[in-house]
Amino acid sequence: MLKITDKSKCCGCNACGNICPKDAISMQYDNEGFLYPYVNENECIKCGLCLKICPIINEYKKDKNYKCDFIGGYNKDINILKNSSSGGIFWLLAENIIVKKGVVYGVELGDNFYVFHNRSETLNGTEKFMKSKYLESNIGLIYRKVKNDLDNKLYVLFSGTPCQIAGLYSYLGKEYATLYTCDVICHGVPSKVVFDKYIQELNISQKAKAVSICWRDKIKGWGPPNMVTVYFNNNEKLTTPSMKNPYQAGFLKNLYLRPSCYKCNWAKLPRIGDISLADFWDYEGKLSNDNKGLSIIILSSAKGVQLFNEIKKYIEYEFVTEQIITKKSRHVHLPPLNNKKRDLFFRNLNKYSFKRLSKKYIYNITLRKVLSAIKKNICKIIKK
Ligand SMILES: Cc1cc2nc3c(=O)[nH]c(=O)nc-3n(C[C@H](O)[C@H](O)[C@H](O)COP(=O)(O)OP(=O)(O)OC[C@H]3O[C@@H](n4cnc5c(N)ncnc54)[C@H](O)[C@@H]3O)c2cc1C
């Protein structure tokens, strides 16, 4: 029977819950705010399928010697580009599959900041999957729907984090000619408990209820700095550069990522997905679009190459080298670095306000630093 003793060895993909013939497994948040499978022992028949299906215990075999293609590119349609996180490539993949009367799976932001995987047969429906949601998405029982669609011979595009793609492959257990996968190059997923605490305090300080968030607002261009906008029920909004948004800053400093993310099995080449997408920061080539967004596109299978060839007429692109990509984008081939303050942060999470925690663990504003800043200012005044 499945029992998670080492949390770094569960990525939360819920392949176990999807395969369970008795529906004895449910995903529940732990005290750090990450989803883990819990087994109802009264229902469990000890068939062991959950252990066999786990993509961390039984790694999905991919051709390790596959030579990937590396591309920088962006969607020529300016409106789509504006509404996506980086180069608007996901939309083109989705459109390609919908035109073939297929279905697209992606991540949606629901009420109360609930982030989850959903299915869409229409292009309108896939709009909700656009833009990065920096929270762990709940997979639910979506792998069962994917299997059903594939068994019905539909084209399927499944997008998500690499571990979610690995979970899907593991659950399906065989190749399907009409399945295409797209993984986001992943920084790791941050804690829902921390996010909720941040939002609660924001509601108090803004005297309104936060109702939505755009983690990648292109209001001032694609960045850096990225802009984060929180929307409130009084029609006000709060836009800040990501490093000045304490929640986003803590995420970017790897302070509260899921334990398995620091040991990600899939931060490597070739990538697990047929096509992988990332932000192409510090690009130095010929492409230019006034800072509207540029993606890294990695093709890690013949299917990825096929899909790219079908959409490339809608993309401004150029091929680049593996060296350039691995230099510019750590998470293509390496997991996020540990943050030494993580344990201390979580130990203090219920003791202090998020504001206080962020000063201490995110911005490192210590009494000594405050005093030294005051001292510096006094010295300046005296000199004058
Ligand atoms: C949690 C997370 C971490 C990321 N970390 C990095 C990073 O370290 N470096 C980097 O270069 N890029 C990272 N990205 C990817 C980047 O932000 C863009 O999503 C990617 O470049 C695709 O952009 P786009 O403009 O083509 O598509 P968009 O329209 O922005 O497409 C969004 C895509 O992301 C998927 N998605 C959205 N939220 C989630 C989620 N919570 N979990 C799983 N899938 C999701 C959607 O299903 C869709 O496929 C991350 C994305 C996410 C969601």
Side-chain angles (χ1 to χ4, degrees), residues 8-13 55-74 85-87 89-90 93 132 134 136-137 158-170 180-190 216 222-224 226 251-255 257-285 287 293-305 307-308 317-340 342:
S8 72
K9 293 199 170 135
C10 172
C11 61
C13 72
I56 289 196
I57 299 175
N58 305 296
E59 205 187 328
Y60 170 76
K61 300 271 178 298
K62 191 165 171 146
D63 176 5
K64 286 190 181 127
N65 299 319
Y66 187 87
K67 289 270 162 262
C68 303
D69 290 301
F70 301 90
I71 301 156
Y74 64 87
S85 300
S86 55
I89 305 301
F90 165 72
L93 300 173
S132 299
Y134 293 123
E136 181 179 23
S137 128
F158 185 90
S159 66
T161 58
C163 53
Q164 292 169 334
I165 308 271
L168 173 66
Y169 282 140
S170 204
Y180 295 83
T181 56
C182 165
D183 66 308
V184 288
I185 301 295
C186 186
H187 186 106
V189 286
R216 301 290 302 268
W222 166 56
N226 286 313
F251 163 54
L252 293 172
K253 290 188 169 187
N254 306 345
L255 186 58
L257 302 180
R258 188 180 175 94
S260 59
C261 297
Y262 300 97
K263 294 184 178 172
C264 179
N265 274 0
W266 299 281
K268 62 184 175 197
L269 291 166
R271 302 283 305 177
I272 184 99
D274 296 314
I275 293 198
S276 310
L277 300 175
D279 289 286
F280 205 151
W281 304 122
D282 304 324
Y283 168 77
E284 288 166 321
L287 301 169
L294 183 67
S295 286
I296 288 174
I297 308 163
I298 303 175
L299 314 178
S300 294
S301 71
K303 278 185 184 176
V305 173
L307 211 47
F308 180 74
Y317 67 92
E318 71 162 354
F319 281 87
V320 290
T321 62
E322 176 175 339
Q323 284 79 354
I324 289 179
I325 295 296
T326 49
K327 195 172 147 206
K328 306 277 181 190
S329 182
R330 174 189 168 91
H331 303 129
V332 163
H333 64 128
L334 290 169
L337 286 169
N338 282 323
N339 184 319
K340 287 189 189 118
R342 186 186 187 282

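Residues: numbered from 1 along the sequence shown. Small disclaimer: the values here were computed from a predicted structure and weren't measured.
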S.K.: Contact between Tyr74 and Leu287 at the side-chain level, heavy atoms closer than 4.5 Å - yes or no?
M.R.: yes
S.K.: Kindly say whether Thr326 contributes a backbone atom to a donor-acceptor pair with the side chain of Ser329 at under 3.5 angstrom?
M.R.: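 Answer holds: no.
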S.K.: Which residue is it: Arg216, Lys328, Arg330? I am looking for the one with a salt bridge (Lys or Arg N to Asp or Glu O under 4.0 Å) to Asp279.
M.R.: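 Exactly one pass, corresponding to Arg216.
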S.K.: Hey, is the main chain of Leu299 close enough, under 3.5 Å, to the side chain of Asp69 for a donor-acceptor pair?
M.R.: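 A pair under 3.5 Å: no.
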S.K.: Roughly how far apart are Ser295 OG and Ile71 CD1, rounded to 0.5 Å?
M.R.: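 Going from OG on Ser295 over to CD1 on Ile71, the span is 11.0 Å.
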S.K.: Indicate yes or no: at least one non-hydrogen side-chain atom of Phe70 is less than 4.5 angstrom from one of Ile296.
M.R.: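 No, their side chains stay 4.5 Å or more apart.
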S.K.: Where do Asp63 and Pro270 come nearest, in terms of heavy atoms and distance?
M.R.: O-CG, 3.3 Å
S.K.: Do Ile297 and Tyr317 come close enough that some side-chain heavy atom pair is under 4.5 Å?
M.R.: no
S.K.: Do Thr181 and Ile272 make a side-chain contact, defined as non-hydrogen atoms from C-beta onward lying under 4.5 Å apart?
M.R.: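 Side chain of Thr181 against side chain of Ile272, heavy atoms only: no contact under 4.5 Å found.
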S.K.: Do you know the tightest heavy-atom contact between His331 and Cys186?
M.R.: CB-O, 3.4 Å
S.K.: At what distance, to the nearest 0.5 angstrom, does OG of Ser159 lie from CG of Asp183?
M.R.: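 Reported to 0.5 Å precision, the distance equals 10.0 Å.
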S.K.: Can you name the closest pair of heavy atoms from Asp274 and Ser301 and give their distance?
M.R.: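 Residues Asp274 and Ser301, closest heavy atoms: OD1-OG, 2.7 Å.
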S.K.: Ignoring hydrogens, what is the shortest heavy-atom contact between Ser300 and Gly273? Give both atom names and the distance.
M.R.: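 In terms of heavy atoms, the two residues are closest at CB-O, 3.5 Å.
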S.K.: Give a yes or no on whether the backbone of Lys303 and the side-chain of Tyr180 come within a donor-acceptor separation of less than 3.5 Å.
M.R.: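 No, Tyr180 side chain to Lys303 backbone: no donor-acceptor pair under 3.5 Å.
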S.K.: List in chain and number order the residues that pass ring pair (Phe, Tyr, Trp, His ring centres under 6.0 Å) with Phe280, two or more places apart in sequence or in another chain; answer none if no residue qualifies.
M.R.: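 Partners of Phe280 under the ring pair (Phe, Tyr, Trp, His ring centres under 6.0 Å) test: Tyr283.
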S.K.: Testing the basics here: between Cys68 and Arg271, what is the closest heavy-atom pair and its distance to 0.1 Å?
M.R.: SG-N, 4.5 Å
S.K.: Just how far is it from atom OH of Tyr134 to atom CG of Asn226, taken to the nearest 0.5 Å?
M.R.: 6.5 Å
S.K.: Before accepting this row, confirm whether a basic side-chain N of the pair Lys64/Glu59 lies closer than 4.0 Å to the acidic partner's carboxylate O.
M.R.: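 Judged by the 4.0 Å cut-off on N to carboxylate O distance, Lys64 and Glu59 do not form a salt bridge.
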S.K.: Measure from the side-chain N and O atoms of Ser260 to the backbone N and O of Cys10, and report whether any donor-acceptor pair falls under 3.5 Å.
M.R.: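 Looks like yes, one N/O pair under 3.5 Å.
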S.K.: Could you measure the distance from the CD1 atom of Ile56 to the SG atom of Cys11? Nearest 0.5 Å is fine.
M.R.: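 One finds 4.5 Å between CD1 of Ile56 and SG of Cys11.
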S.K.: Please assess Val332 against Ser276 for the test side chain to side chain contact (heavy atoms under 4.5 Å, CB included), listing each intermediate value before the final yes or no.
M.R.: CA-CA 9 Å; Val332 163; Ser276 310; over 6 Å; no
S.K.: Out of curiosity, Ile165 CD1 to Cys13 SG, how far, rounded to the nearest 0.5 Å?
M.R.: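 With rounding to 0.5 Å, CD1 (Ile165) is 11.0 Å from SG (Cys13).
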S.K.: Any side-chain heavy-atom pair from Ile298 and Leu269 closer than 4.5 angstrom?
M.R.: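 Side chain of Ile298 against side chain of Leu269, heavy atoms only: contact under 4.5 Å found.
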S.K.: Are Trp281 and Pro224 side-chain neighbours, meaning at least one heavy-atom pair lies under 4.5 Å?
M.R.: yes
S.K.: So, for Phe251 and His187, which heavy atoms are closest and what is the spacing to 0.1 Å?
M.R.: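 Closest approach of Phe251 to His187: O-NE2, 3.3 Å.
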S.K.: In chain order, what residues pass the side chain to side chain donor-acceptor pair (under 3.5 Å) check against Ser170, with sequence neighbours excluded?
M.R.: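 By the side chain to side chain donor-acceptor pair (under 3.5 Å) rule, Ser170 matches no residue at all.
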S.K.: Are any side-chain N or O atoms of Ser132 and backbone N or O atoms of Ser85, one a donor and one an acceptor, separated by less than 3.5 Å?
M.R.: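 A pair under 3.5 Å: no.
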S.K.: Distance-only, no hydrogens or angles: does the Asn254 side chain make a donor-acceptor pair with backbone N or O of Asn338 under 3.5 Å?
M.R.: no
S.K.: Using atom types as modelled and distance alone, determine if a side-chain donor or acceptor of His333 lies under 3.5 Å from a backbone N or O of Ile325.
M.R.: no
